[in-house]
Structures are given as structure tokens and as C-alpha cells.
There are 2 protein chains.
Amino acid sequence: MARFNFEGKPPLEKQEVICPLTLTQNVIAGRWKVIILWHLSQRTIRFNEFQRCLPGISKGILTRQLRELEDDGMVHREVYKEVPPKVEYSLTELGKRFIPILDAMEVWGKEFMEIKLVEHNYYISK
Amino acid sequence: MARFNFEGKPPLEKQEVICPLTLTQNVIAGRWKVIILWHLSQRTIRFNEFQRCLPGISKGILTRQLRELEDDGMVHREVYKEVPPKVEYSLTELGKRFIPILDAMEVWGKEFMEIKLVEHNYYISK
DNA sequence: CGGTATCCGGCTAGATACTG
DNA sequence: CAGTATCTAGCCGGATACCG
């Protein structure tokens with residue numbers, strides 16, 4: 001989430017007014033982040049499990065998406081010093097507070113699907 | 001939102017299982033869409049007004065974001081046949097149902113901001 | 001006023017090879 | 001198992017010029 005950069009720590013007066021909506025959007029911008037957060041809202045997940053949950057994702061991009069979520073304080077990464085290695089990902093408190101958004105998105109997404117299915121004359125099984 | 005394509009109308013059985021979350025994410029993927037939807041949740045807006053609401057956006061990209069939202073059924077475009085031209089954008093019913101997500105995103109974004117400000121030793125005025 | 005048409009650059013997803 | 005390093009391709013935002 002490069003657009004939100006406190007590194008320079010400029011005085012608050014000189015900061016641009018930051019929009020909470022844009023901020024939220026930036027945090028979850030990324031092809032896999034929303035669905036990653038949803039999986040983590042269900043349970044703790046290991047790295048390799050994610051590759052099975054997210055068909056087609058490569059190690060490289062999975063690592064990056066997880067790191068960015070970690071950097072933004074959404075995800076906790078727990079490393080167990082074992083052989084073979086074991087790393088577990090889970091939601092932080094901040095990440096858990098994001099769940100209402102996931103729920104709202106899921107509700108709306110289903111409404112959207114129903115409407116689009118009706119428009120295209122699909123039968124919708126209730 | 002090119003990833004969700006019903007154009008070919010394949011049988012429902014052959015459709016991939018579509019995730020409502022991913023669907024929602026795809027609809028609002030776009031640099032300006034969330035903030036556009038928020039402005040439209042406040043009031044009807046004309047094209048030129050948007051350019052003032054969204055500092056730095058160009059006509060081209062504004063048009064594209066609005067068209068995509070229109071194509072996805074989120075935004076209504078009302079053209080008044082006057083000279084000079086007048087076009088008003090507003091939320092459709094589907095668009096209005098999206099407002100709870102905007103609200104949840106705003107709440108979370110503010111929490112996120114507070115946490116990040118505290119982490120960087122900023123004083124937060126209550 | 002409210003757009004199109006066109007071109008361009010950067011970001012980011014994705015693929016592949018390698019590693020502790 | 002859980003990554004890192006490197007490279008590439010394509011999309012998308014942005015700029016600019018023009019139009020009814």
C-alpha cells in the first residue's frame with residue numbers, strides 16, 4: 001500500500017486530508033487480498049494451504065500479497081522453528097475488525113449475482 | 001469489470017463457481033470507483049462537478065470509470081437534451097444497496113488511520 | 001459541457017528457476 | 001515447507017488533442 005506513506009513523518013498540518021474510504025480501498029487493492037482476508041476470517045492458514053485455497057496463485061505473488069497485508073497490520077505471521085518449516089497466518093485485531101466489510105461485500109455480491117443471472121435469463125435455485 | 005463475462009451465456013453448470021466477494025471486488029476495482037460511489041451516495045452529480053470533486057482526474061479516465069459502473073448497473077446516466085449539454089449521474093437501486101459497504105469501509109478506514117497515527121506518535125484530536 | 005481517440009509509462013500479476 | 005530472485009506481459013491510469 002504505497003500510497004499511504006508515513007515514513008517521512010511530516011507534520012500533521014501539512015498532511016493532505018486523507019480519505020478513510022480511499023485508505024481502505026488502498027489496503028485491499030490487490031488481486032487476492034479480499035479473498036485472502038476472507039479465508040483468514042474462517043481459520044488460521046498455512047502458506048501451502050493458501051496455494052490450494054487460491055487456485056492458480058504463484059508462490060511469489062502469494063508471498064507479496066501476504067507481506068503487504070502484514071505490513072498494513074491486517075495479518076499476523078507466526079513462524080514455528082521446526083523442520084520442515086511451518087508458518088501460520090491469522091488475522092490481527094485490526095484484521096478482525098475488517099470482517100463486517102467482508103460480510104457486507106458478500107451480501108451485496110450475492111444480490112448482484114442474482115440480478116445479473118435474472119438479466120441473462122438464468123434460473124436461480126433458491 | 002472484464003473478469004465477469006456473461007456474454008457467451010454458457011450453461012450455468014459449466015460456469016465456474018463465482019465468489020460473491022471476488023465479484024464485488026471486481027466491480028469496485030478501479031482507482032476512482034469507490035470515491036465516485038460515495039459522492040453519488042450524497043447527491044446527484046454532473047460530469048464537470050465530478051472533475052472538481054476528484055482532483056486530478058482526467059475526462060478520459062472519469063468517463064471510463066463512470067461507464068464501467070454504469071455497465072455494471074451501479075450508476076444511472078441521465079442525459080438532458082439541452083444546449084449546453086447536461087448529464088446527471090446518480091445511483092441505481094443496486095448502487096444504493098452498496099452504501100452499507102461504503103459505510104463499513106469508512107468506519108474501518110478511520111480506525112485504521114487512528115492506529116497508524118498512534119503508531120507514528122501523532123497526537124489525535126478527539 | 002461532456003465527452004472521444006490515441007498514445008504512453010508504470011505498476012503488478014504471473015511465470016520460472018533456485019534455496020534454506 | 002516456505003519461501004526469494006528475476007524477468008516479462010498486459011492492463012490501466014494518465015496526458016493530450018480533438019469534437020458535437
Side-chain angles (χ1 to χ4, degrees), chain A residues 1-5 19 21-22 25-37 39-40 43-72 75-90, chain B residues 1-5 16 19 21-22 25-37 39-40 43-72 74-90:
Chain A
M1 215 251 303
R3 288 178 200 141
F4 185 61
N5 185 6
C19 170
L21 274 178
T22 304
Q25 192 186 17
N26 288 345
V27 173
I28 61 173
R31 171 86 177 74
W32 301 94
K33 284 184 184 171
V34 168
I35 196 69
I36 284 174
L37 291 173
H39 280 294
L40 290 178
R43 67 186 195 285
T44 292
I45 309 187
R46 295 177 60 173
F47 187 85
N48 255 12
E49 286 184 274
F50 263 126
Q51 294 195 276
R52 270 168 260 132
C53 292
L54 310 171
I57 197 171
S58 70
K59 289 170 184 287
I61 192 60
L62 176 57
T63 300
R64 198 159 69 209
Q65 303 270 305
L66 286 168
R67 286 295 183 284
E68 287 175 12
L69 287 171
E70 198 187 346
D71 292 342
D72 285 332
V75 164
H76 173 68
R77 178 168 173 265
E78 184 74 32
V79 181
Y80 297 87
K81 301 198 172 180
E82 307 172 355
V83 179
K86 174 179 172 183
V87 178
E88 280 186 350
Y89 292 90
S90 57
Chain B
M1 213 248 307
R3 289 178 198 140
F4 184 60
N5 185 4
E16 295 178 354
C19 170
L21 274 178
T22 304
Q25 193 187 17
N26 288 345
V27 172
I28 61 173
R31 171 86 176 75
W32 301 95
K33 285 184 185 171
V34 168
I35 196 66
I36 283 174
L37 291 173
H39 280 293
L40 289 177
R43 67 186 195 286
T44 292
I45 309 188
R46 294 177 62 175
F47 187 85
N48 256 13
E49 285 183 274
F50 262 126
Q51 293 195 276
R52 270 167 259 133
C53 293
L54 310 171
I57 197 171
S58 69
K59 289 168 184 286
I61 192 61
L62 176 57
T63 300
R64 198 159 68 207
Q65 304 270 304
L66 286 169
R67 286 293 182 285
E68 288 176 12
L69 287 171
E70 197 188 345
D71 292 342
D72 286 332
M74 299 283 279
V75 165
H76 172 68
R77 179 168 174 265
E78 184 74 32
V79 181
Y80 297 88
K81 302 198 171 180
E82 307 172 356
V83 179
K86 173 180 172 182
V87 178
E88 280 185 349
Y89 292 90
S90 57

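So that the names make sense, note that chain A is the first sequence line, chain B the second, and so on, each numbered from 1.
Nearest heavy-atom pair across Leu62(B) and Phe50(B) is CD2-CB, 3.6 Å. When every heavy atom of Glu49(B) is checked against every heavy atom of Arg46(B), the shortest pair comes out as OE1-N, 2.8 Å. Between Leu54(A) and His39(A), the closest heavy-atom pair is CD2-CD2, 3.9 Å. In terms of heavy-atom proximity, Ile28(B) sits nearest to Lys33(B) at O-CB, 3.9 Å. Between Arg43(A) and Cys53(A), the closest heavy-atom pair is NH2-SG, 3.8 Å. The two residues Val87(B) and Arg77(B) make their nearest non-hydrogen contact at CG1-CG, 3.7 Å.
Which of dC1(C), dG3(C), dG13(D) sits closest to the side chain of Gln65(B) comes down to dG13(D). For Asn48(B), the side-chain atoms get nearest to dC1(C) when compared with the rest of dC1(C), dG3(D), dT4(C). Closest approach to the Arg46(A) side chain among dG2(C), dC1(D), dG3(C) is made by dC1(D) (side chain taken as heavy atoms from C-beta onward).
One atom, CZ of Phe47(B), and another, P of dG2(C), lie 8 Å apart when rounded to the nearest Å. Separating the CD atom of Glu88(B) from the P atom of dG3(C) is a distance of 12 Å, rounded to the nearest angstrom. The separation between Lys33(A) atom NZ and dC11(C) atom P is 15 Å, rounded to whole Å. Put simply, CD1 on Ile45(A) is 16 Å from P on dC1(D), counting in whole angstrom units. To the nearest angstrom, C1' of dC1(C) lies 11 Å from CZ of Arg52(B). For the pair Arg67(A) CZ and dT12(C) P, the computed distance is 17 Å after rounding to whole Å. Rounded to whole Å, the distance from CG on Leu62(A) to P on dT4(D) is 11 Å. Separating the CD atom of Glu68(B) from the C1' atom of dC11(D) is a distance of 11 Å, rounded to the nearest angstrom.
Distances shorter than 4.0 Å separate none of the side-chain N or O atoms of Arg77(A) from OP1 or OP2 on dA2(D). Residue Gln51(B) places no side-chain N or O under 4.0 Å from the OP1 or OP2 atom of dG3(C).
The distance from the CG atom of Leu40(B) to the CD atom of Glu88(B) is 11.0 Å, given to the nearest 0.5 Å. Ile36(A) CD1 to Gln65(A) CD: the interatomic distance, rounded to the nearest 0.5 Å, is 5.5 Å.
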Classify every nucleotide of nucleotides 14-20 of chain D by which part a protein heavy atom approaches to under 4.0 Å, writing B for the base, S for the sugar-phosphate alone and - for neither, in 5'-to-3' order. SB----B
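Contact annotation for Glu49(A): no contact, since no heavy-atom pair falls under 4.0 Å across all strands. At a threshold of 4.0 angstrom between heavy atoms, the contacts of Tyr89(B) are confined to the sugar-phosphate backbone, with no base atom among them.
In this structure a side-chain-to-backbone donor-acceptor pair under 3.5 Å is missing from Gln25(B) to Trp32(A).
No side-chain heavy atom of Glu78(B) sits less than 4.5 Å from a side-chain heavy atom of Thr44(B).
An angle of 50°, rounded to 10°, separates the two end axes of the helix from dC1(C)-dG20(D) to dG20(C)-dC1(D), each defined over five pairs.
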